[in-house]
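Written out below as C-alpha cells is the structure these notes cover.
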Amino acid sequence: MSAQIFPRNANAIAIISIVGLLLLIGGIVAALVGVYLSPWYTEVGNAKAQPVPFSHKHHVDQLKIDCRYCHATVEQVAHAGFPSTDTCMSCHSQIWTNSPLLKPVRDSYQSGEPVVWNRIYDLPDFVYFNHSVHVAKGIGCASCHAGTNEQNLTAKAQALWMGWCLGCHRNPEEFVRPREEVFNMNFDTSSLTLDQRVSLVEEYQIPTDGRLTNCYICHR
Amino acid sequence: MSQRPRLHLLRLAWLPLCLLLTACHVDMYDQPRYTANQPSELFADGRAMRPPPANTVAMGSFDDQSAMFTGRLNGELAVELPMELTAELLERGQTRYNAFCAPCHGQTGEGNGVAAYRGGLTVPTLHNDRLRTVAIGYYFDVITNGINRMYSYANRIPAEDRWAVAAYVRALQLSQHANADDLNPEERQQLP
C-alpha cells in the first residue's frame, strides 16, 4: 500500500477554506458597502465647523424668515444663491452689532473679502441640477433639505445618491406640493391625497412620459 | 495543442479585478471648470464668481433712464406703475413682500416684524398720511437704494419684482385705511 498523499482531513480543510474565502470576500464587500453608505463617507448629519456658527433653526424656525431672504436666486437660476455679506449685514448692521461671533461678517463687509464658508453639498460636476425648475414645479425645499430648519449648525440632509434622485423623477406625485407651500419647511405632502397630488403633477405639467428618467435630464 | 490558447485566456481572468482600482477615480467629480460660489486662484480676489466691472450695464432691453429701472420719470418719482396692474402682479408682490420686507416691516406693514421686535428696532409704519400719498416710485426708489438704516435690496429683488412689492404696499395701505362707504351692501354686512 502506498502512503496517502493527502491527510484524512484534506476534504474538510478544502471545504472550510472555500467557504471561508467566500465569507471573507462577502465580508469585504459588505464592509465596503457599509462604509459607502455610512455618514463617515456621505457626511449626512455631520455638521461642519463654519467661520460663523450660523443657525438655520434660529433664523428659519424661530424667526420665520423666508428661505428666499438669503437664498434669493432660488427661483431664477440653477443655484439657490449663497447670501453675500451684504445680506447678513442688512439685519446685522442693526442687530447683534457687537457680537464677537459676527466679527468675520463685519470684517468682510469692511474689507470686501468674502467670508469663506465650508461647503455642505458638493454635487459632482457631471450632474446638472437646477433649483429654479424644482421650486417652480412644486418641489419643496424640505423635499431635499428636510430638517435644515431644525439644525443649529448646517449638515447634509441627503447623500444625493442617483437612486434617490430617480425615486422622485419616477414618481413625482409622491413628493409634489402646492407652489404656495414650497418654502414651508413644515408642510407634510402626505396631508394631500394621492389624487390631489396627481392633479398637481398635471397642473404643473411635470412630464410623466419617462423624460424625467432620461440620462440626459441630469447628465448633460 | 488545441487547448493551449484557451488556457492562456483563462490565465487572464484576473484582469477584470483591475476595474476595482478604477472605482476610486474622481476626475469627473471635479472637472476643470467653475461652479457657483467656488474659490479661484486665477482671480486676485479669490472668487470664481465675477462681480460686474464698474460702470457696466446689462445689454439688450435695459434702459437705465426708464421708469422701470429708476422709479423716476423726467427726474420726478413715478406716480404710476410702469406695467399693468394685475392680480398676478399683486400676488407676486405679496410673496416678495413677505419674504424680504416682512422681517422688519411686519406682514401688515405696521413695522412690527420679527427682526424689528427681536432687535429692538423702531421701524416706521407704512400707514401714515405721508406714505399713503407719496408717489409709488418712492417705494421703488427705497427698495432699490435703501433709506436710513434699511439696506438696498436691489441685488436680491429684480426691478420688476420691486414694482410688484410697491403695488402690494399700496394694497396693504388700502387694507388698513379702507373707507366703509366703498363697500357694497353685502360686504358691509360682514363688518363687525
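Protein chains get the first letters and strands the later ones, always in sequence-line order, with residue 1 at the start of each.
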**Message:** Is the shortest side-chain heavy-atom distance between M28(B) and D125(A) below 4.5 Å?
**Reply:** no
Does atom [atom1] of [X] have more than 12 heavy-atom neighbours, drawn from other residues, nucleotides or ligands, at distances under 6.0 Å?
X       : atom1 : answer
F43(B)  : CZ    : yes
W40(A)  : CH2   : no
N98(A)  : CG    : no
H177(B) : NE2   : no
Q176(B) : CD    : yes
E187(B) : CD    : yes
K103(A) : NZ    : no
M83(B)  : CE    : yes

**Request:** Any chance you could lay out the side chain to side chain contact (heavy atoms under 4.5 Å, CB included) test for Q94(A) and M150(B), step after step, and finish with the verdict?
**Result:** CA-CA 9 Å; Q94(A) 305 297 328; M150(B) 175 180 157; over 6 Å; no
As an exercise, state the distance from [atom1] of [X] to [atom2] of [Y], rounded to the nearest 0.5 Å.
X       : Y       : atom1 : atom2 : result
F100(B) : I65(A)  : CZ    : CD1   : 12.0 Å
H79(A)  : T35(B)  : NE2   : OG1   : 9.5 Å
Q107(B) : K64(A)  : CD    : NZ    : 11.5 Å
D66(A)  : R96(B)  : CG    : CZ    : 8.0 Å
T95(B)  : E75(A)  : OG1   : CD    : 6.5 Å
D30(B)  : F126(A) : CG    : CZ    : 9.5 Å

**Asked** Looking at P124(A), C67(A), A78(A), which has the largest count of heavy-atom pairs under 4.5 Å with chain B?
**Response** P124(A)
**Asked** Of all of S90(A), S93(A), C70(A), which one pairs up most often with chain B through heavy atoms under 4.5 Å apart?
**Response** S90(A)
**Request:** Locate the shortest heavy-atom distance separating M89(A) from Y151(B); write the atom from each residue and the value.
**Result:** O-CZ, 3.5 Å
**Request:** Over all heavy atoms of both residues, which pair between D45(B) and P114(A) is shortest? Give the atoms and the distance, please.
**Result:** O-CD, 4.4 Å
**Message:** Please classify the contact between T87(A) and chain B as side chain, backbone, both or neither, with a heavy-atom cut-off of under 4.5 Å.
**Reply:** both
**Fill in**
Okay, D86(A) and chain B: the region with an atom under 4.5 Å from a heavy atom over there is both
**Prompt:** Are any side-chain N or O atoms of R149(B) and backbone N or O atoms of C91(A), one a donor and one an acceptor, separated by less than 3.5 Å?
**Reply:** no
**Item:** CA sep, side-chain torsions, deciding dist, call: R118(B), L63(A), side chain to side chain contact (heavy atoms under 4.5 Å, CB included)
**Value:** CA-CA 9 Å; R118(B) 294 287 293 253; L63(A) 301 185; 3.8 Å; yes
**Message:** Could you check whether R156(B) makes a cation-pi contact with Y69(A), meaning its NZ or CZ is under 6.0 Å from the centre of the six-membered ring and within 45° of the ring axis?
**Reply:** yes
**Prompt:** Side chain, backbone, both or neither: which part of Y117(B) has a non-hydrogen atom closer than 4.5 Å to chain A?
**Reply:** neither
**Message:** Less than 4.0 angstrom from a charged side-chain N to a carboxylate O is my criterion; do E113(A) and R47(B) meet it?
**Reply:** no
